[in-house]
Protein chains: 2
Amino acid sequence: MLTMDVVQLRFYVAAPMALINHRFQLTSRPVGLVKRSDFTYSEAPVADPGEGEVTVKVRYLSLDPAMRGWMNDAKSYVPPVGLGEVMRAQGIGEVIASADPKFPVGEQVLGLFGVQEYATLKTKGLRKVDPKAAPLPVYLSVLGMTGMTAYFGLLDVGQPKPGETVVVSGAAGATGMVVGQIAKIKGCRAVGIAGGSEKCDYLVKELGFDAAIDYKSQDVKAGLKANAPDGIHVYFDNVGGDILDAALSKLARHARVVICGAVSQYNTTEGAKGPANYLSLLINRARMEGFIVFDYAERYGEAARELAGWVAAGKLKSREQIVKGLDTFPESLLKLFRGENTGKLVLEV
Amino acid sequence: MLTMDVVQLRFYVAAPMALINHRFQLTSRPVGLVKRSDFTYSEAPVADPGEGEVTVKVRYLSLDPAMRGWMNDAKSYVPPVGLGEVMRAQGIGEVIASADPKFPVGEQVLGLFGVQEYATLKTKGLRKVDPKAAPLPVYLSVLGMTGMTAYFGLLDVGQPKPGETVVVSGAAGATGMVVGQIAKIKGCRAVGIAGGSEKCDYLVKELGFDAAIDYKSQDVKAGLKANAPDGIHVYFDNVGGDILDAALSKLARHARVVICGAVSQYNTTEGAKGPANYLSLLINRARMEGFIVFDYAERYGEAARELAGWVAAGKLKSREQIVKGLDTFPESLLKLFRGENTGKLVLEV
């Protein structure tokens, strides 16, 4: 048995040499919505792991609205993806070759693998995940960055108090659904804004939101007036544009507006639309604040434990929408900008 | 002598009966810039003071950009001025008839007198001022609401730390000039944005700002890049519009944007322009916060003492621009929206 193990290990270490990787390289900066022609889908041999590196067979990739921003050649909280580079993406995969004893072959890991089938990379920044504790895609969703984003954005930036009204846009999206559920856990009234009656029903009937406003069929201002009669105490914004403006017009005094994203603005070719009602911040002595989840890295453990506890207690539900096939990446990503996802959008490689 | 005093007192109490008041009543809601025809300039007998009231001969009136907002029929931090009511204004005047022993005839008082020559009103809310300690108009300026606004807005909302860069727009205006000077007192770098080389020279040479950007002749973004090379830590906004957008594009990480006003937007007839660069709040983990000075009423004493101390120590300069004649009110007010004032605009009645 010992001999066989050794043989097997050597086989795994050597295996990448024979493997071919498929990948999406960003080769032009998108204008407006992402197009397949902005990428080059190419193949290349899988590299051997060097000292302190592993090769990972990617199984799931996180699809996020923020990816659109990474493609622009603009100063932001991370450098843009360079032209010719593999498109940046977080994922989960299995170590298939290792030159780091802390990450042996067979381990399931979370990391910034990129939109490709195999990634050979430093183990610094990788995190082990336990497939027995939760299905792997959940580590990209409620138990992953998405959950952390909702957790720190709502609790640290938004600072909701029991009895307050929390309104979240993009409420049926990956982050929004967690925000509303945490708001409920914390004793707040949770109101979601989402597109379509199916999503709105899901929020109220499945996730326990107090109310949902369908921006496709309802007037959002009127919906907020009806469902946040004392005004909005915390508004968690994922979308920007007209919905942000509607929410600003209904703030309670000393409200907190958490800027998490602006999915309605990422593909604009005419310059972003600023919130015309921003003077509501003055009238209501309110604040609008942005945040980046990476700043909370030292507290990820705290959030992960608390989120996992809520999941285990049945207080926090996770939902992933799995799309299949690496080669569908450009079209799958567009679902996020067309509102075609409910829950976390995950690409199964 | 005793008899004469009594006679004189009775004369003063009775005097208003014989006096004629001139006043500006708001009689139509302005569209765009204020016009004389939005008001009715009328006369009426001066009313006798009732129990707990005084009659004040108004000497100086504070002209403020916020007045434009009070004329709109919209929910705000104070109710709008009603049609037919005397236009709201803060002022300083002399008590000429009194039915409240705490405010005897001859006292100089600060209050919400309205745009008129005489005001008969409750003494609740009046504040005595000492004409020997400072010229009366200064109580409407650095030692008044304007100074308080700068003090609480910069220090409480903006929370500048020594060595940080504070940028203020409308810097040669009543509030802006105080903001920059307090920033210097607190060990910050102070950069002002103002219109015209005369104002900019005044800020740097007279008030000790580190730099000034002339938005009429310079590119504001380029000016900010040159004069706030580490980014803006505190941006105190009095103007809104393109200048707010320029400042947002140059924020330092964890910047604080203090929304005090938006003089460029008060007269718009096409809906306010929202700050298109608001996502800089996200990228830079920054916050934008509004405030209303009235919320700090309990701490006015603290601010007044500190401001007076700085004035006495020669660290804080006051400047008032006095315009004369109650009947010039509509045109005098427009100076604020045309950038024609340096320092606090005061109407001498």
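Remember, predicted model here, so these are calculated numbers, not experimental data. Below, read A as the first sequence line, B as the second, and so on, with proteins coming before strands; counting in each chain starts at 1.
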Quick check for you: among A:R287, A:R285, A:K273, A:R256, which has the greatest number of heavy-atom pairs under 4.5 Å with chain B? A:R285
May I ask you to test the A:L244-B:Y278 pair for a side-chain heavy-atom distance under 4.5 Å? yes
Min side-chain heavy-atom separation B:L281-A:E289 under 4.5 Å: no
Proximal component of [X], with respect to chain B [non-hydrogen, under 4.5 Å]:
X      : answer
A:A272 : both
A:I292 : both
A:N284 : side chain

B:K161 atom NZ, over 12 foreign heavy atoms within 6.0 Å: yes
Does atom NZ (A:K221) have a neighbourhood of more than 12 heavy atoms from anything else shown, all under 6.0 Å? no
B:C260 and A:L282 have their tightest heavy-atom pair at O-CD1, 3.2 Å
Shortest non-hydrogen pair, B:Y77 vs A:I283, comes out as N-CG2, 3.8 Å
Once rounded to the nearest 0.5 Å, what's the spacing between atom [atom1] of [X] and atom [atom2] of [Y]?
X      : Y      : atom1 : atom2 : answer
A:H254 : B:D295 : NE2   : CG    : 5.5 Å
A:M288 : B:M288 : CE    : CE    : 3.5 Å
A:K75  : B:S280 : NZ    : OG    : 6.5 Å

Tell me, side chain or backbone of B:I259 under 4.5 Å from chain A's heavy atoms, or both, or neither? both
